Amino acid sequence: MGQRYLELKDSHREFIAGQKLFFVATAMQDGHVNLSPKGMDSLRVLGSSRVVWLNVTGSGNETASHIEHHPRMTLMFCAFEGKPLILRLYGQARAIHRGDSAWGDYYDLFEPLPGARQIFLLDVELVQVSCGMSVPYYQYVGEREQLNDWARAKGESGVQAYWRSKNGVSLDGLPTGIIEKSGLVSADETSPQ
């Protein structure tokens, strides 16, 4: 039977700190539900009711779009080794884009990652833990470097061009805000008249 808490306990924070992988889920009232795996040492616990994670460029940008319109978010952590446990954090989230004044305050919490595009703050409203006895054992071998290599090879302007072509709208056609909120000028504004 699962247990519920209104804030993160020290044991929850210790468990989160030991995880190499977490999952983020967001959704609109209608349309597609988004569920994404995250890694790369991209999450920090800021207190008993707030976590922050760094989002890097990917094939889509569903999380940013959903949070822009419907700011609920769930994070899930699973024990793949040791004592079985599943921990979920439910709450309200907001995106911090590279053009926002708070970007530097939070980005400095992480090792720099090429292709970083948003930071998400989650204000935790509910913590749920459950047994996790059906989660199989997996062994952590290491991080994949392909995404970092891709972003480095693209360079800053190449990543931004990718944002314009692939990250501007969600699967359901909703804007993500990445161009406007990152302080980038749209391609139309840079075209000669």
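All values reported here derive from a predicted model rather than from experimental measurement.
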Taking Val56 as the starting point, is it possible to reach Tyr106 by hopping between hydrophobic residues whose side chains are less than 4.5 Å apart? yes

When you check the side-chain N and O atoms of Asn148 and Glu143, is any donor under 3.5 Å from an acceptor? no

OH on Tyr138 to CG on Leu21, rounded to 0.5 Å: 11.0 Å

Between atom CG of Leu75 and atom CD of Gln19, what is the distance when rounded to the nearest 0.5 Å? 12.5 Å

Identify the heavy atoms of Phe110 and Leu43 that sit nearest to each other, and give their distance. CE2-N, 3.8 Å

Minimum heavy-atom separation for Ala95 and Phe120, please, with both atom names. CB-CE2, 3.6 Å

In terms of heavy-atom contacts, Leu54 and Ala116 come closest through CD1-CB, 3.9 Å

Report yes if the side chains of Pro84 and Tyr137 come closer than 4.5 Å at any heavy-atom pair, otherwise no. no

Of His69, His66, His32, which meets side-chain hydrogen bond (donor to acceptor under 3.5 Å, both in side chains) against Asp172? His32

Quick one: are Asp41 and Arg44 in side-chain contact, heavy atoms under 4.5 Å? yes

Looking only at heavy atoms, what is the nearest atom pair of Glu156 and Arg98, with distance? OE2-NH2, 2.5 Å

Please check if any side-chain donor atom of Asn55 sits under 3.5 Å from a side-chain acceptor atom of Lys38, or the reverse. yes

Picking from Arg50, Arg94, Gln92, what satisfies side-chain hydrogen bond (donor to acceptor under 3.5 Å, both in side chains) with Asp123? Arg50

I need the single residue from Asp105, Val45, Ile96, Ile119 that forms a side chain to side chain contact (heavy atoms under 4.5 Å, CB included) with Val52. Which is it? Ile119

Whether Asn61 side chain and Gly168 backbone form a donor-acceptor pair below 3.5 Å: no

Please identify which of these residues, Glu125, Arg4, Gln128, Arg72, meets the side-chain hydrogen bond (donor to acceptor under 3.5 Å, both in side chains) condition with Tyr90. Gln128

Compare every heavy atom of Leu87 with every heavy atom of Val129, then report the nearest pair and how far apart it is. CG1-CD1, 3.9 Å

Are more than 12 heavy atoms, taken from residues, nucleotides or ligands other than Phe23, located less than 6.0 Å from that residue's CZ atom? yes

What pair of heavy atoms forms the shortest contact from Gly115 to Ala151, and how long is it? N-CB, 3.9 Å

